[in-house]
Number of protein chains: 2
Amino acid sequence: MERNTIQRDIVMTVLKKLNNHATADEIYAAVRHEHPAISRSTVYRNLQWFCDKGQLRKREIPGQADVYDQICTNHYHVRCSRCGRIFDVDMDYIPALEQAIKDPHGFRFTGHDIIFTGVCPDCQSRDEPL
Amino acid sequence: MERNTIQRDIVMTVLKKLNNHATADEIYAAVRHEHPAISRSTVYRNLQWFCDKGQLRKREIPGQADVYDQICTNHYHVRCSRCGRIFDVDMDYIPALEQAIKDPHGFRFTGHDIIFTGVCPDCQSRDEPL
DNA sequence: GTGAGTGCAAATCTTTTGCATGTTT
DNA sequence: AAACATGCAAAAGATTTGCACTCAC
């Protein structure tokens, strides 16, 4: 039987207040604000728990910390190459993308992810151009 | 001025003999076979060096160790969800994919990666079906 | 009371780095 | 000899895990 713990509650409450695509560390920092004694593992375990329940989706980001996405449906992401933050891309999901593969070489394809690279508006105005 | 060290040589020689998309650890193990005293850092540093020279490309894989790709041009990859290995996908690169984005929201897009998920032929025959 | 959940510390895994030493040019 | 590269050990960053304890049911 699953239990309602204060910690679990706070993780979800904080999550809703934070920007989407927060890292475990950002979530931990924010949760700590309301419950300083909480353990980092508890945050990780609860994030995993929400993922298992389908209320959250962990997006593994190449080369950096994973982020937690409150939108659980398939969609694409951009990573800002300056600040590393992750944003949603305003683009239709392409379920048929697997059909563009010429020869599957015996593979059974089950899905795909697209990660765009770019520079976010904040970083464009803040940084030296390039 | 760049130098020819035995270690650098062995890393490249071994790389050519290994399957493409080997991890640093696999490369290290293979290199060690020919030069047991080599340091893990030296392998990492040389792999990075070849990447800097454009002779190799590091592909950062979500949730697992990076792999080194001898094909430096843009192309897409599949990860086998059973064994975690990375393979090339036989599909044309889509340079125009950024144009499918409806509203860039001020982002400047510079590129993209696609990672497919699937089950490789080896794992299909070896494992229980699903 | 029982077991799911917590806190802590330690472990894991991958990669990087500081520094003294060695080697190539 | 000077610059570059190596080896080692330690550090770093992200996440997981073992274990004893606690608290929600």
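Reminder, nothing fancy here: chain letters follow the sequence lines and each chain counts from 1.
Between D:dG7 and B:Thr42, a contact under 4.0 Å exists linking OP1 or OP2 to a side-chain N or O. Using a 4.0 Å cut-off, no side-chain N or O of B:Arg45 falls inside it from OP1 or OP2 of C:dT16. Contact check, B:Lys58 against C:dT16: a side-chain N or O comes under 4.0 Å of OP1 or OP2. When the side-chain nitrogen and oxygen atoms of B:Thr5 are compared with OP1 and OP2 of C:dT23, none of them lie within a distance under 4.0 Å. Residue B:Gln7 places at least one side-chain N or O closer than 4.0 Å to OP1 or OP2 of D:dG7.
If B:Asn4 and A:Asn46 are placed on DNA chain C by their nearest nucleotide, the residue sitting closer to the 5' end is A:Asn46. With DNA chain C read from its 5' end, the first of the two nearest nucleotides for A:Ser41 and B:Gln64 is the one closest to A:Ser41.
Remark: P of D:dT16 and CH2 of A:Trp49 are 17 Å apart, rounded to the nearest angstrom. When the C1' atom of D:dT16 is taken as reference, atom CG of A:Asp66 falls 12 Å away, rounded to whole Å. We find that CD of A:Glu60 is positioned 9 Å from P of D:dT15, with the value rounded to whole Å. We find that OH of B:Tyr28 is positioned 15 Å from C1' of C:dT16, with the value rounded to whole Å. What separates CG of A:Leu47 from C1' of C:dG5 is a distance of 15 Å, to the nearest Å. With rounding to whole Å, B:Arg32 atom CZ is found 16 Å from D:dT6 atom P. Distance, A:Ile6 CD1 to D:dT22 P: 14 Å, rounded to whole Å. At whole-Å resolution of the value, CD1 in A:Ile27 and P in D:dA14 are 13 Å apart.
Here C:dG7 is the nucleotide among C:dG7, C:dT15, D:dA14 with the atom lying nearest to any side-chain atom of A:His35. Side-chain proximity of B:Ala65 to C:dG7, D:dT15, C:dT15: nearest is C:dT15. The side chain of A:Tyr44 lies closest to D:dA14, out of D:dA14, D:dC25, C:dT15. When distances run from any side-chain atom of B:Glu2 to the nucleotides D:dA5, D:dT15, D:dA24, the shortest one goes to D:dA5.
Relative ring orientation between B:His21 and B:His77 is described as perpendicular, the plane-to-plane angle rising above 60° on a 0-90° scale split at 30° and 60°. Below 30°, between 30° and 60°, or above 60°: for B:Phe107 and A:Phe87 the angle between ring planes is above 60°, a perpendicular geometry. By the 30° and 60° cut-offs, the orientation of the rings of B:Phe116 relative to A:Phe109 is perpendicular.
Contact of A:Arg40 with C:dC8 (side chain to base): no donor-acceptor pair of N or O atoms is detected under 3.5 Å.
Remark: B:Asn19 CG is loosely packed, at most 12 non-hydrogen atoms of other residues, nucleotides or ligands lying under 6.0 Å away.
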| task | Please assess A:Arg8 against A:Glu2 for the test salt bridge (Lys or Arg N to Asp or Glu O under 4.0 Å), listing each intermediate value before the final yes or no. | result | CA-CA 11 Å; A:Arg8 185 112 88 209; A:Glu2 74 195 40; over 6 Å; no
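As judged by a 4.0 angstrom heavy-atom cut-off over every strand, B:Arg8 is placed among residues touching the sugar-phosphate backbone only.
You'll find the side chain of A:Ile86 stays beyond 4.5 Å of the side chain of A:Arg59, heavy atoms only.
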